[in-house]
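Just below is one structure, and these are the notes that go with it.
Values below: all heavy atoms of this structure, side chains included; hydrogens, waters and symmetry mates excluded. For this chain, numbers begin at 1 and follow the sequence in order.
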Amino acid sequence: MSLSRADQEAEDILQGAVFSEEALARTMRRELIERLAEHHRTRVPLRVFAGYDASRPNLHLGHTITMRKLRLFQELGHDVVFLVGTLTAQIGDPSDRLFDRPRIPREQVVEAASTFVDQMSLILDPERTTVVYNGDWLSDVTLSEILAAASAFTVQQVTSPAAIRGRIKSGRPVGLHELLYPLMQGYDALHLDADIQLGTVGPIFNILAGRRLQRVRGRRPCVGITYPTLWGTRGHRRMSKREGTHIALTTDPTEQFAKVMSIDDETMRQWVTLISSWSPGEVRSRLQRWESGALHPMTLKQELAHDIVRTYHGEAAATGAKEAFLRRRRDRHDPDPSMAVALDLAPCPLLEVVLSVDSVSSRRQALRLLGDGAVRVNGEKVLGEGFRVSSGDVISVGRRHLFVLRPAVQEP
């Protein structure tokens, strides 16, 4: 049976989405399709928003997961709101933080917010985007309104995120102001009278808080759609400006290309799915060709790097960045593969190759070599343990060990 128009649109919107519970996923999918079908009947656009706390200047690739979905909603004819968290940024979402952080001065937030708005148009159509700042209404919320909103929640609910529970259990302080963060984000959905809110799966309670406040006020609760947090350039942890694992949208094209080329294979899979400009069908095709061996992972990574640079700097810059990357590889005089020792392991995790070196006695030592940049694949440093290597790849471990991979020998 063919899908309805609303079902087809929901498939594209939910591409890459994840939810904390299967029951929640079913509910949000059903409500999303209902809203989309209602739009087609009434021609009334839905109001869709996502919030971005302006804690530090410049948008990065992690922000673009929801921004690309906002752009999709624009193309489907809906009203998109780009919410800059000016007041919430001064607190910071505690749901994924292992430690508290000092409050950010308002001046710093204002400066960061200006870069967000300037860079928003790299993905969104500025003519069809409403920009709002939540400090404009949260600053005017009265104590009686805060108490009324707080009565809709329990202490158990606002302390449910794992990071907060961990801090409490270990005796690390959790500020009372941090526990108000979900209420503030809930107020955003209430103030905007939102139909759909986009966010990340980690702080799902913040989105559910908006639904609850809307319901308490007698309004129809918004549909909450959540996506994974994007992994950074080192390891499978969220992209972070503080840790230096982010790639800003305005990063120099050549540097941007090189940083994308440094990620491991599993990170590449996530990025292809969540932040490329390719359609869901193109994403599936590329990943299937890679998994079948028809597309080499280094080729796919170059295509991804080109796509990202082209999106934020244009085709000419992307082509130039790729040429510069390949030129640097040639000029580096990479090791001669003919001098390498053959290993019949491909395809396999890079960590397995490092562990095959006689002088590497433990997994901890192998991880340290990776972290120190002592391991290269085809001339490029690889820092992540999740990187997978394929037949034909040349791997150097330190200065003395050079391997070329061949297909693993199949057991008879």
Check your understanding: Is the backbone N or O of Val44 less than 3.5 Å from a side-chain atom of His39, with the two atoms forming a donor-acceptor pair by type?
Key -> yes
Practice item. Of all the heavy-atom pairs spanning Val260 and Ile263, show the shortest one and how long it is. Key: O-CG1, 3.0 Å
Point to revise | Any donor-acceptor pair under 3.5 Å from Trp271 side chain to Trp231 backbone | key: yes
**Study point:** Nearest heavy atoms of Ser20 and Val201, plus distance in Å
**Key:** N-CG2, 3.7 Å
Practice item. Decide if atom CZ of Arg217 counts as having more than 12 heavy atoms of other residues, nucleotides or ligands within a radius under 6.0 Å. Key: no
**Study point:** ring-ring contact (aromatic ring centres under 6.0 Å, His included): pairs with one or both residues in residues 129-164, sequence neighbours excluded
**Key:** Trp137-His191, Phe153-Phe205
Exercise for review: Before accepting this row, confirm whether a basic side-chain N of the pair Glu303/Lys322 lies closer than 4.0 Å to the acidic partner's carboxylate O.
Suggested key: no
Check your understanding: Can you check side-chain hydrogen bond (donor to acceptor under 3.5 Å, both in side chains) on Thr319 and Glu323, steps first, answer last?
Key -> CA-CA 6 Å; Thr319 301; Glu323 291 173 351; over 6 Å; no
Point to revise | Short side-chain to backbone donor-acceptor contact, Gln108 and Arg56, under 3.5 Å | key: no
**Study point:** Passing candidate, side chain to side chain contact (heavy atoms under 4.5 Å, CB included) with Leu61, options Met67, Met239, His246
**Key:** Met239
Exercise for review: Consider only side-chain N and O atoms of Arg172 and Ser170, and report whether a donor and an acceptor are under 3.5 Å apart.
Suggested key: yes
Point to revise | Donor-acceptor contact below 3.5 Å, side chain Asp195 vs main chain Val48 | key: no
**Study point:** Minimum-distance pair of heavy atoms, taken over all atoms of Leu70 and Leu198
**Key:** CD2-CD1, 3.8 Å
Practice item. Would you check if the side chain of Glu9 reaches a backbone N or O of Phe73 as a donor-acceptor pair within less than 3.5 Å? Key: no
Point to revise | Whether Lys241 side chain and Ala248 backbone form a donor-acceptor pair below 3.5 Å | key: no
Exercise for review: Go through the side-chain N and O atoms of Ser362 and Gln365 and say whether any donor and acceptor fall under 3.5 Å apart.
Suggested key: no
Point to revise | Within the 6.0 Å centroid threshold, strictly below: Phe325 and Phe257 | key: yes
Check your understanding: Are Glu38 and Arg220 ion-paired here, with the side-chain N under 4.0 Å from a carboxylate O?
Key -> yes
Point to revise | N/O donor-acceptor pair under 3.5 Å between Ser55 side chain and Ala89 backbone | key: no
Review point. In terms of side-chain heavy atoms, does Ser277 have a donor or acceptor partner in Asp307 at a distance below 3.5 Å?
Key: yes
**Study point:** Gln90 side chain to Thr86 backbone, donor-acceptor under 3.5 Å
**Key:** yes
Study note, to complete from the structure: Heavy-atom closest pair (Asp265 atom, Trp290 atom, distance to 0.1 Å) is O-CH2, 3.6 Å
Check your understanding: So, Arg35 side chain and Leu46 main chain: donor-acceptor pair closer than 3.5 Å or not?
Key -> no
Check your understanding: Going by atom types only, do Gln74 and Thr129 share a side-chain donor-acceptor pair under 3.5 Å?
Key -> yes
Practice item. Go through the side-chain N and O atoms of Thr251 and Tyr312 and say whether any donor and acceptor fall under 3.5 Å apart. Key: no
Practice item. Please check if the side chain of Thr245 supplies one atom and the backbone of Ser240 the other of a donor-acceptor pair under 3.5 Å. Key: yes
